[in-house]
Engineer: 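Following this message is one structure expressed as structure tokens.
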Amino acid sequence: MMYPRLKIARSLLTHDGVIFISIDDGEQPNLRKICDEIFGEENFISCIMRKRKKEISSDSKNVSIQGEYVLAYAKSNEVSFMSEPLSEKYIAKTYKEPTREFPEGKWRPVPITVSKGLTGGGYRYSITTPGGTTHDRLWAYPKEGYERLLKSGRVYFGANKNGVPQRVIYAHESNGQPTTNYWDNSPTNKEGKKEVLNIFGDNVFDTPKPTALLQRLIALVSKEEDIILDFFSGSCATAHAVMKGNVYEKTKRKFIMVQLPEPCDKNSSAFKSGFSTIAELGKERIRRVISQLSEDNLSYSGDLGFKVFKLESSNIVAWNPDKSDLENTLMAHSEHLVPGRSEQDVLYELLLKRGVELTAPIEEKEIAGKKVYSIGFGVLFACLDKKIQRDQIEELAHGIIDWHKELDPISDTQVVFRDSAFENDVTKANMTAILEQSGIKHVRSL
């Protein structure tokens, strides 16, 4: 079950992309072998251990299960993890409280001496402390650099003012620290359940991941406008995490959630709450999260929308000629689109075939009684009406031209029509000619 999905995952990853897979200790060794084969042993990053619950319970005969694993693999060696902010626990343990001498916040002293065992490095000179002690050593800074530190109040000589001088670093200046493979302070699964309870008023999903955990993983490897894909989206906690990050961290990440319409157990809280499938539950969570975030952040002007797609065969009839009866085959293919498909179905396949992002803004207008779509602020126009008559050509064409001028797209525009909609070839030729005379050179039909 996992192997083909991981093969697809690898092909979808960017060169600097990372995949995180949550797994328990029973299947972790097997998953590791599969990932070594698909991603390559050299692209293994880490096996992160995290606490999934704080309690020690009797859920196993011999050993209580408190933790689980997150396997991290890259597609290439171009991956670089971000530093994590210093934790309050680390700051409290490592940094000193502000003093009159160092008042800018919590601080810590860092040695500026160079080991005698090192060759070719360091600067030899003497430093006399405020208490009168002289230290003649190899230093990490030239004398001018040390004097700049001293002048800016960044040198610590110990409590007695006679110690070996050290550089002072404030906590707020830190660029953070590398993450580790042991997350003992990780948000637990119980916190994930509390989030679902707050959203739905009931525990409608058994194993939700806490959004704080997912936000931490996302922040480690992705940039502000990256796409986050979750193959097993479940209750869509990953979408929740991405939207929270966008609102509170001012990022513009996008998400793709994939979930089979797996039926909810008839005895489950989800089914009793009106959700027939897990996919329906996930979509409703996204809707409610959007509502909550909008209410709590009235000044936020970013995008909190989402679109839902279902996998389907092409809307375009495949060319499969009967060589013994080409005439009837041609007649049967006079309509190129599969019967029963909506304009929205055809429109989104058109976007995919044109390489336009499915998140591109889509506007619609009625022109000459026909519905016309503008995609990506005029990069693509589409009129997929089933019937365009000769006396409608002028009004429809000039309506598209006026809208095109209003939007003034930054790249060449393409206009697409349903081929079978035109009354005849003359009607189609006239439409093309009018549009081309106004600078819209790319007119196509499906």
Side-chain angles (χ1 to χ4, degrees), residues 1-2 5-6 9 18-28 31 35 45-55 57 59 65-73 84 179-200 202-222 226-249 251 253-260 262 264 268-270 275 277-290 292-293 306:
M1 189 272 285
M2 289 296 298
R5 287 162 174 79
L6 291 173
V18 175
I19 184 170
F20 293 109
I21 313 167
S22 181
I23 195 76
D24 64 19
D25 55 356
E27 291 295 340
Q28 187 265 352
L31 180 61
C35 290
I45 297 174
S46 181
C47 179
I48 299 170
M49 298 164 280
R50 62 171 289 262
K51 273 188 179 180
R52 68 171 184 170
K53 65 177 184 178
K54 295 179 181 178
E55 302 82 8
S57 56
D59 55 3
I65 306 301
Q66 264 190 300
E68 64 182 17
Y69 300 90
V70 178
L71 285 182
Y73 278 82
E84 294 199 283
T179 192
T180 74
N181 69 342
Y182 178 55
W183 292 5
D184 60 336
N185 61 342
S186 172
T188 64
N189 288 3
K190 182 177 282 187
E191 292 173 51
K193 284 192 173 184
K194 285 181 181 178
E195 289 178 318
V196 170
L197 184 61
N198 289 336
I199 294 168
F200 291 100
D202 198 356
N203 283 317
V204 294
F205 197 77
D206 291 333
T207 56
K209 291 288 186 291
T211 55
L213 167 67
L214 299 170
Q215 282 182 273
R216 184 177 181 181
L217 292 170
I218 290 168
L220 276 175
V221 296
S222 65
D226 281 348
I227 299 173
I228 314 301
L229 168 65
D230 189 341
F231 268 112
F232 300 91
S233 60
S235 70
C236 289
T238 302
H240 188 168
V242 171
M243 289 189 292
K244 276 176 65 178
N246 285 344
V247 171
Y248 296 118
E249 299 165 23
T251 53
R253 295 184 179 99
K254 299 174 184 176
F255 59 80
I256 301 174
M257 302 291 103
V258 181
Q259 179 60 52
L260 295 173
E262 182 181 336
C264 295
S268 67
S269 297
F275 299 106
T277 67
I278 293 176
E280 292 299 324
L281 172 66
K283 286 185 282 186
E284 183 59 22
R285 177 175 185 170
I286 296 175
R287 293 187 192 102
R288 296 190 185 193
V289 168
I290 289 172
Q292 285 182 357
L293 290 173
F306 75 108

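Everything quoted here is computed from the prediction, not taken from an experiment. Excluded from the calculations below are hydrogen atoms, water molecules and symmetry mates; all remaining heavy atoms, backbone and side chain alike, are included.
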Engineer: Is any side-chain heavy atom of Ile21 closer than 4.5 Å to one of Cys35?
Structural biologist: yes
Engineer: Do Ser269 and Asn203 get their side chains close enough for a donor-acceptor pair, meaning under 3.5 Å?
Structural biologist: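 Asn203 and Ser269 do not have a side-chain donor-acceptor pair below 3.5 Å.
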Engineer: Once rounded to the nearest 0.5 Å, what's the spacing between atom CZ of Arg5 and atom CZ of Phe231?
Structural biologist: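 So the CZ of Arg5 and the CZ of Phe231 are separated by 8.5 Å.
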Engineer: With heavy-atom distances below 4.5 Å as the criterion, would you say the side chains of Asp24 and Ile65 are in contact?
Structural biologist: no
Engineer: Salt bridge (Lys or Arg N to Asp or Glu O under 4.0 Å), that's the test. Do Arg216 and Glu84 meet it? Break it down for me.
Structural biologist: CA-CA 9 Å; Arg216 184 177 181 181; Glu84 294 199 283; 2.7 Å; yes
Engineer: Phe200: what forms a ring-ring contact (aromatic ring centres under 6.0 Å, His included) with it, not counting sequence neighbours?
Structural biologist: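 Phe200: ring-ring contact (aromatic ring centres under 6.0 Å, His included) contacts with Phe275.
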Engineer: Quick one: are Asn246 and Lys254 in side-chain contact, heavy atoms under 4.5 Å?
Structural biologist: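 In short, these two side chains do not touch, never coming nearer than 4.5 Å.
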Engineer: Which value, rounded to the nearest 0.5 Å, describes the distance between Ile48 atom CD1 and Tyr69 atom OH?
Structural biologist: 13.0 Å
Engineer: State, with a plain yes or no, whether a side-chain heavy atom of Arg52 is found less than 4.5 Å away from one of Asn189.
Structural biologist: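 Answer yes - side chains close enough.
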Engineer: Check whether any side-chain heavy atom of Ile286 sits under 4.5 Å from a side-chain heavy atom of Phe255, and report yes or no.
Structural biologist: yes
Engineer: Considering the options Val221, Leu71, Leu213, which one meets the side-chain contact (heavy atoms from CB on, under 4.5 Å) requirement together with Phe20?
Structural biologist: Val221
Engineer: State, to 0.1 Å, how close Arg50 and Pro187 come at their nearest heavy-atom pair, and which atoms those are.
Structural biologist: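 Looking at all heavy atoms of both residues, the closest pair is NH2-O, 2.8 Å.
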Engineer: Please report the closest heavy-atom contact between Ile199 and Arg288, naming both atoms and the distance.
Structural biologist: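 Taking Ile199 first and Arg288 second, the nearest heavy atoms are O-NH1, 3.3 Å.
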Engineer: Yes or no on side-chain contact (heavy atoms from CB on, under 4.5 Å) for Val18 and Ile45, after CA distance, side-chain angles and deciding distance?
Structural biologist: CA-CA 9 Å; Val18 175; Ile45 297 174; 4.1 Å; yes
Engineer: Applying side-chain contact (heavy atoms from CB on, under 4.5 Å) to Leu6 and Ile19, what does each step give before you reach the verdict?
Structural biologist: CA-CA 9 Å; Leu6 291 173; Ile19 184 170; 3.9 Å; yes
Engineer: Do side-chain atoms of Glu195 reach the backbone of Thr211 as a donor and acceptor pair under 3.5 angstrom?
Structural biologist: yes
Engineer: Looking at every heavy atom in both Thr188 and Lys54, which two are closest together, and how far apart are they?
Structural biologist: CG2-CG, 3.8 Å
Engineer: Should the heavy atoms of other residues, nucleotides or ligands under 6.0 Å from CG of Asp25 be counted, would the total exceed 12?
Structural biologist: yes
Engineer: We want to know whether Arg285 and Ser235 form a side-chain donor-acceptor pair, criterion being a heavy-atom distance below 3.5 angstrom.
Structural biologist: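 Present: a donor and an acceptor within the cut-off.
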Engineer: Are Glu68 and Lys51 ion-paired here, with the side-chain N under 4.0 Å from a carboxylate O?
Structural biologist: no
Engineer: Test side-chain contact (heavy atoms from CB on, under 4.5 Å) on Ile278 and Cys264; report intermediate values, then the result.
Structural biologist: CA-CA 6 Å; Ile278 293 176; Cys264 295; 4.3 Å; yes
Engineer: If the threshold is 4.0 Å, N to carboxylate O, is there a salt bridge linking Glu191 and Lys194?
Structural biologist: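 No, Glu191 and Lys194 are not salt-bridged.
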Engineer: Is it true that Lys190 and Glu55 make a salt bridge, defined as a side-chain N closer than 4.0 Å to a carboxylate O?
Structural biologist: yes
Engineer: Which distance, rounded to the nearest 0.5 Å, do you find between the NZ of Lys193 and the CG of Asp206?
Structural biologist: 6.0 Å
Engineer: Is there side-chain contact between Glu27 and Ile23, with at least one heavy-atom pair below 4.5 Å?
Structural biologist: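 Side-chain contact under 4.5 Å: yes.
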Engineer: If you measure from CD on Gln259 to OG on Ser233, what distance do you get to the nearest 0.5 Å?
Structural biologist: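 Rounded to the nearest 0.5 Å, the CD-OG separation comes out at 4.5 Å.
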Engineer: Could you check whether any side-chain heavy atom of Pro208 comes within less than 4.5 Å of a side-chain heavy atom of Val196, counting everything from C-beta outward?
Structural biologist: yes
Engineer: Would you check, one step at a time, whether the test side-chain contact (heavy atoms from CB on, under 4.5 Å) holds for Thr277 with Glu262?
Structural biologist: CA-CA 5 Å; Thr277 67; Glu262 182 181 336; 5.9 Å; no
Engineer: Looking at Lys244, I want to see if its NZ is surrounded by more than 12 non-hydrogen atoms of other residues, nucleotides or ligands under 6.0 Å.
Structural biologist: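 Yes, enclosed.
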Engineer: So which heavy atom on Ala237 is nearest to which on Lys209, and how close?
Structural biologist: CB-O, 3.5 Å
Engineer: Applying side chain to side chain donor-acceptor pair (under 3.5 Å) between Trp183 and each of Asn185, Thr179, Asn181, report the one that passes.
Structural biologist: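 Considering Asn185, Thr179, Asn181, a side chain to side chain donor-acceptor pair (under 3.5 Å) with Trp183 is found only for Thr179.
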Engineer: Quick check: closest heavy atoms across Gly245 and Gln215, and the distance to 0.1 Å?
Structural biologist: N-NE2, 3.6 Å
Engineer: Less than 4.5 Å apart, any side-chain heavy atom of Phe232 and any of Leu260?
Structural biologist: no
Engineer: Out of curiosity, Tyr73 OH to Ser46 OG, how far, rounded to the nearest 0.5 Å?
Structural biologist: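 If we round to the nearest 0.5 Å, Tyr73:OH and Ser46:OG are 10.0 Å apart.
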Engineer: Please round to the nearest 0.5 Å and tell me the distance separating atom CG of Leu214 and atom CD1 of Ile228.
Structural biologist: 10.5 Å
